[in-house]
Protein chains: 2
Amino acid sequence: MVVYLDSDTNLSDDEVDRIFRALADATRRDIVRRTLVDEESISDLAARYEITFAAVQKHITVLQGAGLVTKHRSGRERLVRGNPEAIRKARTLLDAYERIWQGRIEQLDALLAEN
Amino acid sequence: MVVYLDSDTNLSDDEVDRIFRALADATRRDIVRRTLVDEESISDLAARYEITFAAVQKHITVLQGAGLVTKHRSGRERLVRGNPEAIRKARTLLDAYERIWQGRIEQLDALLAEN
DNA sequence: TAGATATACAACCATTAGGTTGCATGTTAG
DNA sequence: CTAACATGCAACCTAATGGTTGTATATCTA
């Protein structure tokens, strides 16, 4: 299934799966949050958590696969930067769900008004 | 970590994990969408997908664990109803992330304006 | 009451996820 | 140039996920 949210946003199931899956982990959400504030190197990020460097690297790979962060080289470091676009996609999908529900409520209201 | 989004919404990591995890599957998103429009029995839902009844039952259990749907008995059937409250929680968290990013942009703008 | 329908749930299986350690490679600083 | 630092990546382990089948139980309906 492909969801058309608005004129410039259409999302495949796979893409949405990856975004929500990536957000379903507290460490990954923390990485997204921090790198939205300011870009950070992988080492900087790894130092913040109790897991190994390699584990943090894997989390970043997952986030990158979902489009939630990007990486770019700076000397021997890789700087990680949060990407608000992927977050907006997920948020827009949830907005759509909320509107569906709102629509149901309005239909119920209309039905009540009729009788 | 516990996130305080607004005066009446605070979310534990576990709760957020469960919500996003539950949404990271196309079948489950479809169930949420349909049951937001109108409540449906488990059999009704199961008939729509190519997987077994038991598999659909498991998906519903996951959604229920995340608070995304509720079940209530009606005779021998169990009716499943989408719960917009859990969706709102997830959406509000993404809103917060978008605001963080917006804040960064504004700081950069201010910095540029200074120089 | 018997049979059909709706659900619950346990046991099992294959795949994925999230973690580890170890090693290779590129880059910077003395 | 060498040592230290930053990263990439493979191999491995365990637990969780998403599916299956099979069985049990409750509720209608004829």
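Keep in mind that this is a model prediction, so the values were computed, not measured. Scope of the values below: all heavy atoms of this structure, side chains included, with no hydrogens, waters or symmetry mates. To find a chain, count down the sequence lines: A is the first, B the second, and so on, and within it residues start at 1.
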TODO: For A:Arg78, check side-chain contact (heavy atoms from CB on, under 4.5 Å) against everything at least two apart and list the hits.
DONE: A:Ile42, A:Lys71, A:Arg73

Is there side-chain contact between [X] and [Y], with heavy atoms separated by less than 4.5 Å?
X        : Y       : value
B:Ile100 : A:Arg33 : yes
B:Leu93  : B:Phe20 : yes
A:Arg28  : A:Lys58 : no
B:Leu94  : A:Ile87 : yes
A:Tyr97  : B:Pro84 : no

Which whole-number value in Å describes the distance from [X] [atom1] to [N] [atom2]?
X       : N      : atom1 : atom2 : answer
B:Asp44 : C:dT5  : CG    : P     : 14 Å
A:Ile42 : C:dG26 : CD1   : P     : 16 Å
A:Tyr49 : C:dG19 : OH    : P     : 12 Å
A:His72 : D:dT7  : NE2   : C1'   : 15 Å
A:Arg18 : C:dT16 : CZ    : P     : 14 Å

TODO: Sugar-phosphate means primed atoms, P, OP1 and OP2; the rest is base. With that split, encode nucleotides 11-24 of chain D 5' to 3' as B, S or - using protein heavy atoms under 4.0 Å.
DONE: ------SBBBB---

Task: Per-nucleotide protein contact string for nucleotides 25-30 of chain D (B base, S sugar-phosphate only, - none; heavy atom under 4.0 Å) - done: -SBB--

Task: salt bridge (Lys or Arg N to Asp or Glu O under 4.0 Å) between B:Arg29 and A:Asp13, worked out - done: CA-CA 9 Å; B:Arg29 285 194 300 277; A:Asp13 278 347; 3.8 Å; yes

Using only side-chain N and O atoms of [X], determine if any of them is under 4.0 Å from OP1 or OP2 of [N].
X       : N     : answer
B:Arg78 : C:dA6 : no
A:Lys71 : D:dG8 : yes
B:Gln57 : C:dA8 : yes

Task: Ion pair B:Arg88/B:Glu85, N-O distance below 4.0 Å - done: yes

Open item on the list: Could you check whether A:Asp44 and A:Ser41, counting side-chain N and O atoms only, form a donor-acceptor pair closer than 3.5 Å?
Closed with: yes

